[in-house]
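See below for the structure under consideration.
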Amino acid sequence: MAKDTISAIMERRSVRKYVDKPIPEEDLKTILEAGRQAPSAANRQPWHFVVVRDPEQKKKVAEACSDQTWMAAAGVIIAGIGKPSVNEKWYPVDVAIAMQNMILAATALGYGTCWIGAFDEQQVARLLGVPGDCKVVALTPVGVPDDHPEARPRQPMSEFASLDRYGEKME
Ligand SMILES: Cc1cc2nc3c(=O)[nH]c(=O)nc-3n(C[C@H](O)[C@H](O)[C@H](O)COP(=O)(O)O)c2cc1C
């Protein structure tokens, strides 16, 4: 049974160690569908996602991500590509929303993920054959976790949010 939304949000961690196991096609489809259903500004959907499953290709992509070689053990690496020609202002936000939808769906199905922002854009774009007018926004491995990290610290709620006006306490 998949976890509910709040549990998936609360239990998600950045996982940097994976069991070298494939992801069943059905789960991969569910994860991608979760991204496809994401909202986007004016519903323009300025995005494309490349699922990297080939072991050699995963290795090369991981190397292009500041040599974060641990990524290659995950079943797949998903690269989020933005299309500035479709929405120049909002494409990074739209790609991020779709990516987080996929990350939460993957968490709900028991997989580990990790946002990857440290990458050489030119190298990743060349490896994945990304068209010249598109931008690589972020990547995530999706795999069977071999680690269950503790929660990382967060700001106190008083710093995170205010009521009615910036700086006014919630409590
Ligand atoms: C935009 C973005 C880029 C990130 N890039 C990397 C990265 O390149 N490598 C990495 O190991 N973690 C990366 N992270 C993961 C963060 O380090 C992690 O989310 C943060 O420390 C909080 O931990 P948690 O995700 O387990 O809650 C990134 C996160 C975000 C949101």
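Ligands are counted one by one from 1 in listed order, and the atoms in each one are counted from 1 as well.
Of all the atoms in ligand 1, the ones that sit under 4.0 Å from a non-hydrogen atom of C114 are 10 (C), 11 (O), 12 (N). For ligand 1, the atoms closer than 4.0 angstrom to any heavy atom of G117 are 3 (C), 4 (C), 5 (N), 6 (C), 7 (C), 8 (O). Taking a cut-off of under 4.0 Å to the non-hydrogen atoms of R16, the atoms of ligand 1 that pass are 10 (C), 11 (O), 12 (N), 15 (C), 16 (C), 17 (O). Ligand-side atoms of ligand 1 in range of Q68: 7 (C), 8 (O), 9 (N), 10 (C), 11 (O), range being under 4.0 angstrom from any heavy atom.
Without hydrogens or angle criteria, R12 side chain to T107 main chain gives no donor-acceptor distance under 3.5 Å. Judged by distance alone, with hydrogens and angles left aside, the side-chain atoms of N101 form a donor-acceptor pair with the main-chain N or O of A34 at under 3.5 Å.
Where the criterion is an N or O separation shorter than 3.5 Å, residue side chain and backbone included, R13 fails it with respect to ligand 1. Considering both main-chain and side-chain atoms, W70 never comes within under 3.5 Å of ligand 1 through any nitrogen or oxygen pair. On a distance-only criterion, A118 and ligand 1 share at least one N/O pair closer than 3.5 Å.
Between A138 and W115, the closest heavy-atom pair is CB-CZ3, 3.5 Å. Among all heavy-atom pairs drawn from K169 and L163, the shortest one is O-CB, 3.7 Å. Here the shortest heavy-atom pairing between I81 and C134 reads CG2-CB, 3.6 Å. Across all non-hydrogen atoms, the minimal contact from F49 to M99 is CE2-SD, 3.9 Å.
For atom 27 (O) of ligand 1, the closest heavy atom belonging to the protein is R154 NH2, 2.8 Å. Remark: minimum distance from atom 25 (O) of ligand 1 to any protein heavy atom is reached at S14 OG, 2.6 Å. With hydrogens left out, the protein atom closest to atom 4 (C) of ligand 1 is W115 O, 3.3 Å, a heavy atom. Of the protein's non-hydrogen atoms, R152 NH1, 2.9 Å is the one closest to atom 21 (O) of ligand 1.
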